[in-house]
**Q** 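Structure in structure tokens, see below.
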Amino acid sequence: MTVESTAARTPRRSAGSKAGTATGAKRTTSTTKKAAAAKTAAPAKKAVTPKKAATARKAAGAGRSAEPALVQLLTPEGKRVKNAEFDKYVADITADDLRALYRDMVLTRRFDAEATSLQRQGELGLWASLLGQEAAQIGSGRALRDDDYVFPTYREHGVAWCRGVDPTNLLGMFRGVNNGGWDPNGNNFHLYTIVIGSQTLHATGYAMGITKDGADSAVIAYFGDGASSQGDVAEAFTFSAVYNAPVVFFCQNNQWAISEPTEKQSRVPLYQRAQGFGFPGVRVDGNDVLANLAVTKWALERARAGEGPTLVEAFTYRMGAHTTSDDPTRYRHDDERAAWEAKDPILRLRRHLESAHHADEAFFAELETESETLGRRVREAVRAMPDPDHFAIFENVYADGHALVDEERAQFAAYQASFADEDGGK
């Protein structure tokens, strides 16, 4: 809407125009009399005190919830709570299934801890820990069908576990010996994406493609709260909505995009951003593995049924550093972490298993033994990884070869040869 200014509505007159001056004076006198009469007739307004103003603002905002709705099926104390909308998606969960979910989270955490230790020992160049986000990843990962396709970031170690990717294969890239140690099409789990947010576009394009192929599978794209500020994510939202793509956008809001808190990135809860693009969003307790399983199943079923994209915001917390090169003590307080430790996803499910008598001490002891075995296997596998072929970088650049690549290969070979000792040894 264009607002026309008063100056634009009032005809301009020269300062020396008597007619203009007289007319203006008469209009001013008339206006003054009317204003005075209105002031006499109207009752005097009482001054608004700061306290009353605050009360009025509070009353005006009474219809708005201070905290957005959070889908939760397990409380931090491990108590099962009912949810009329999402209970049906976990109605068939058995005690065996719950123990399996617990095992997934424990082993994923153990692998993650081992990788962090290996980086500290100089065996890996970098590591991005998922500590605290196990429920979001295992819950959503176990909601997938085999024919669904996953586009991860670089932190989805739990989802990789659910897709059957060997944990040791995740470490090659962080050790610098390959660009990803698995075939994406073997597990429908794409290679890790380091560029922030770009995988959402890859997922959207893939989802549009399988729609044209007539498949009824779905696609899921993982990203963090920091990536939600990227333009790529906004473009992915736009295309997926317009083309009704069968994709689920799974945002793990772990509260911190490196050192930037979520409240400095968005004026609204992240899941509400979906409304502006024309598809639903939902916030789920990211530390509740059952809730993540249920909500992701619901979103995937929507996608397969041709109902388009969904944004799931898993409200969780990054217990450790952003990566092993980060120091979170420089920008957040210990009491914040302590508050979230009480909501630990693994402890939550263990409490539920114990209170419902679904697991005994023998189960937990056996799992501890399995966990240590996994840690040992990961250590041995990483240290046994062979160095890559120095010349592999020049392969598969062009299908039929290229003179420039040949020249660069020769220059690199000469550079490598310059490190030979006088006896001709390597």
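Please read all numbers here as calculations on a predicted model, not as lab measurements.
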**Q** Find out whether the Lys NZ or Arg CZ of Arg283 is both under 6.0 angstrom from the six-membered ring centre of Phe315 and within 45° of the ring's axis.
**A** yes
**Q** Which atom names give the shortest non-hydrogen contact between Pro309 and Phe279, and what distance separates them?
**A** O-CB, 3.4 Å
**Q** Distance from Arg155 atom CZ to Ser129 atom OG, nearest 0.5 Å?
**A**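 Atom-to-atom, Arg155:CZ and Ser129:OG are 7.0 Å apart.
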**Q** Could you tell me if the side chain of Phe237 sits less than 4.5 Å from the side chain of Thr200, heavy atoms only?
**A**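 Heavy-atom side-chain distance check fails, nothing below 4.5 Å.
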**Q** Is Leu118 close to Gln121 at the side-chain level, that is, under 4.5 Å between some pair of heavy atoms?
**A** yes
**Q** For the backbone of Thr94 and the side chain of His358, can you confirm whether one donor and one acceptor N or O come within less than 3.5 Å of each other?
**A**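 No, because the side chain of His358 does not come within donor-acceptor range (under 3.5 Å) of the backbone of Thr94.
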**Q** Judged by modelled atom types alone, do Gln252 and Glu313 share a side-chain donor-acceptor pair under 3.5 Å?
**A** no
**Q** Are any non-hydrogen side-chain atoms of Lys297 and Phe86 less than 4.5 angstrom apart?
**A** no
**Q** Looking only at side-chain N and O atoms, does Glu156 offer a donor or acceptor that is under 3.5 Å from a partner on Thr153?
**A**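 Their side chains do contain a donor-acceptor pair, which is all the 3.5 Å distance test asks for.
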**Q** Checking salt bridge (charged side-chain N to carboxylate O under 4.0 Å, His left out) for the pair Glu123/Arg175: CA distance, chi angles, key distance, verdict?
**A** CA-CA 7 Å; Glu123 301 290 351; Arg175 189 172 170 84; 2.9 Å; yes
**Q** Hey, is Asp87 close enough to Arg80 for a salt bridge, meaning N to O under 4.0 Å?
**A**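 Yes, Asp87 and Arg80 are salt-bridged.
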**Q** Hey, are His390 and Gln416 close enough side-chain-wise for a donor-acceptor pair under 3.5 Å?
**A**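 Yes, side-chain donor-acceptor contact under 3.5 Å.
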**Q** Might you point out which heavy atoms bring Leu124 and Ala115 nearest each other, and give the distance in Å?
**A**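 Looking at all heavy atoms of both residues, the shortest contact is CD1-O, 3.5 Å.
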**Q** Step by step, would you call Val247 with Tyr206 a side chain to side chain contact (heavy atoms under 4.5 Å, CB included)?
**A** CA-CA 9 Å; Val247 58; Tyr206 191 92; over 6 Å; no
**Q** Which distance, rounded to the nearest 0.5 Å, do you find between the CG of Leu131 and the CE of Met319?
**A**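 It comes to 6.0 Å.
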**Q** Working to the nearest 0.5 angstrom, can you tell me the gap between Leu98 CG and Leu290 CG?
**A** 6.0 Å
**Q** At their closest point, which heavy atom of Val312 faces which heavy atom of Ala299, and how far apart are they?
**A** CG2-CB, 4.2 Å
**Q** Quick check: do Cys162 and Leu144 have side-chain heavy atoms less than 4.5 Å from each other?
**A**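 In short, these two side chains do not touch, never coming nearer than 4.5 Å.
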**Q** How many angstroms lie between atom CG of Leu191 and atom CD of Gln199, to the nearest 0.5 angstrom?
**A** 12.5 Å
**Q** Between atom CD1 of Ile220 and atom CZ of Phe189, what is the distance when rounded to the nearest 0.5 Å?
**A** 10.5 Å
**Q** Is there a ring pair (Phe, Tyr, Trp, His ring centres under 6.0 Å) between Phe249 and Tyr222? Walk through the geometry before answering.
**A** CA-CA 6 Å; Phe249 297 106; Tyr222 289 88; over 10 Å; no
**Q** Check for a donor-acceptor pair, side chain of Arg350 on one end and backbone N or O of Tyr102 on the other, with a separation under 3.5 Å.
**A** no
**Q** For Arg109 and Gln133, what are the C-alpha separation, side-chain angles and deciding distance, and is it a side-chain hydrogen bond (donor to acceptor under 3.5 Å, both in side chains)?
**A** CA-CA 9 Å; Arg109 179 171 291 188; Gln133 299 177 218; over 6 Å; no
**Q** Would Val219 and Val248 count as a side chain to side chain contact (heavy atoms under 4.5 Å, CB included) if you check the C-alpha gap in whole Å, the side-chain angles of each, and the deciding distance to 0.1 Å?
**A** CA-CA 6 Å; Val219 178; Val248 175; over 6 Å; no
**Q** Minimum heavy-atom separation for Asn292 and Ala135, please, with both atom names.
**A** CB-O, 3.8 Å
**Q** Is it true that a side-chain atom of Arg273 and a backbone atom of Ser228 form a donor plus acceptor pair closer than 3.5 Å?
**A** yes
**Q** Measuring from Asn254:CG to Tyr317:OH, what's the distance to the nearest 0.5 Å?
**A** 9.0 Å
**Q** For Ala291 versus Gln72, what's the shortest heavy-atom pair and its separation?
**A** CB-CA, 4.2 Å
**Q** Any side-chain heavy-atom pair from Pro345 and Val289 closer than 4.5 angstrom?
**A**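 No, their side chains stay 4.5 Å or more apart.
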**Q** How are the rings of His190 and Phe151 set to each other: parallel, tilted or perpendicular (split at 30° and 60°)?
**A**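 The rings of His190 and Phe151 lie parallel, inter-plane angle below 30°.
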**Q** Answer yes if the ring centres of Phe394 and Phe412 are under 6.0 angstrom apart, and no otherwise.
**A**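 Ring centroids of Phe394 and Phe412 are less than 6.0 Å from each other.
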**Q** Is a side-chain N or O of Asp288 found less than 3.5 angstrom from the main chain of Leu73, in a donor-acceptor match?
**A**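 It does hold such a pair.
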**Q** Suppose we call two aromatic rings close when their centres sit under 6.0 Å apart. Are Tyr154 and Phe174 close by that rule?
**A**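 Centroid separation for Tyr154 and Phe174: 6.0 Å or greater.
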**Q** Between Phe239 and Tyr243, how do the two ring planes meet: parallel, tilted or perpendicular, split at 30° and 60°?
**A**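 If you compare the ring of Phe239 with that of Tyr243, the planes turn out parallel.
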**Q** Please check if the number of heavy atoms outside Asn179 that lie under 6.0 Å from its CG is greater than 12.
**A**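 Not more than 12 within 6.0 Å, no.
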**Q** Inspect the contact between Arg348 and Asp285 and indicate whether a charged nitrogen and a carboxylate oxygen are less than 4.0 angstrom apart.
**A**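 Yes, charged N to carboxylate O under 4.0 Å.
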**Q** Would a distance-only check, ignoring hydrogens and angles, find a side-chain to backbone donor-acceptor pair under 3.5 Å from Ser266 to Thr262?
**A**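 Pair absent, no side-chain N/O of Ser266 close to backbone of Thr262.
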**Q** Walk me through it: do Phe111 and Trp161 pass the test ring pair (Phe, Tyr, Trp, His ring centres under 6.0 Å)?
**A** CA-CA 10 Å; Phe111 160 71; Trp161 173 271; 8.1 Å; no
**Q** Could you tell me if the side chain of Phe250 sits less than 4.5 Å from the side chain of Phe223, heavy atoms only?
**A**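 In short, these two side chains do not touch, never coming nearer than 4.5 Å.
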**Q** May I ask you to say whether Arg377 pairs ionically with Asp166, meaning some side-chain N is under 4.0 Å from a carboxylate O?
**A** yes
**Q** Yes or no on side-chain hydrogen bond (donor to acceptor under 3.5 Å, both in side chains) for Asn185 and Tyr149, after CA distance, side-chain angles and deciding distance?
**A** CA-CA 9 Å; Asn185 294 324; Tyr149 209 102; 3.2 Å; yes
**Q** Is there a donor-acceptor pair closer than 3.5 Å between any side-chain N or O of Arg163 and the backbone N or O of Val165?
**A**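 No; judged by distance alone, with no hydrogens or angles, the pair does not exist.
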**Q** What heavy-atom pair brings Gly132 and Asn287 nearest, and what distance separates the two atoms?
**A** O-OD1, 3.5 Å
**Q** Side chains of Glu372 and Thr369: closer than 4.5 Å at any heavy-atom pair?
**A**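 In short, these two side chains do not touch, never coming nearer than 4.5 Å.
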**Q** Using a 3.5 Å distance criterion without hydrogens, assess whether the side chain of His333 forms a donor-acceptor pair with backbone atoms of Asp335.
**A** no
**Q** Are Arg103 and Glu370 close enough for a salt bridge, meaning some N to O gap below 4.0 Å?
**A**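 Looking at Arg103 and Glu370, the cut-off is met.
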**Q** Could you walk me through whether Tyr192 and Trp127 pass ring pair (Phe, Tyr, Trp, His ring centres under 6.0 Å), step by step?
**A** CA-CA 12 Å; Tyr192 274 0; Trp127 183 248; 7.8 Å; no
**Q** Would the distance check show the side chain of Asp326 and the main-chain N or O of His322 forming a donor-acceptor pair, the cut-off being under 3.5 Å?
**A** yes
**Q** Got a donor-acceptor contact below 3.5 angstrom from the Arg120 side chain to the Thr324 backbone?
**A** yes
**Q** Report yes or no: do Asp148 and Ser217 form a side-chain donor-acceptor pair below 3.5 Å?
**A** no
**Q** Determine yes or no for a side-chain-to-main-chain donor-acceptor pair under 3.5 angstrom, with Thr296 supplying the side chain and Leu293 the backbone.
**A**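 No, Thr296 side chain to Leu293 backbone: no donor-acceptor pair under 3.5 Å.
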**Q** Would you find more than 12 non-hydrogen atoms of other residues, nucleotides or ligands less than 6.0 Å from Asp213 atom CG?
**A**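 Counting neighbours around CG of Asp213, more than 12 heavy atoms of other residues, nucleotides or ligands fall under 6.0 Å, so yes.
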**Q** Test the Arg409-Phe391 pair against the cation-pi criterion, namely NZ or CZ under 6.0 angstrom from the six-membered ring centroid and within 45° of the ring axis.
**A** no
**Q** Within the 4.5 Å heavy-atom criterion, are Arg145 and Arg304 side-chain neighbours or not?
**A** yes
**Q** Any side-chain donor paired with an acceptor under 3.5 Å for Asn253 and Thr316?
**A**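 Absent: no donor and acceptor within the cut-off.
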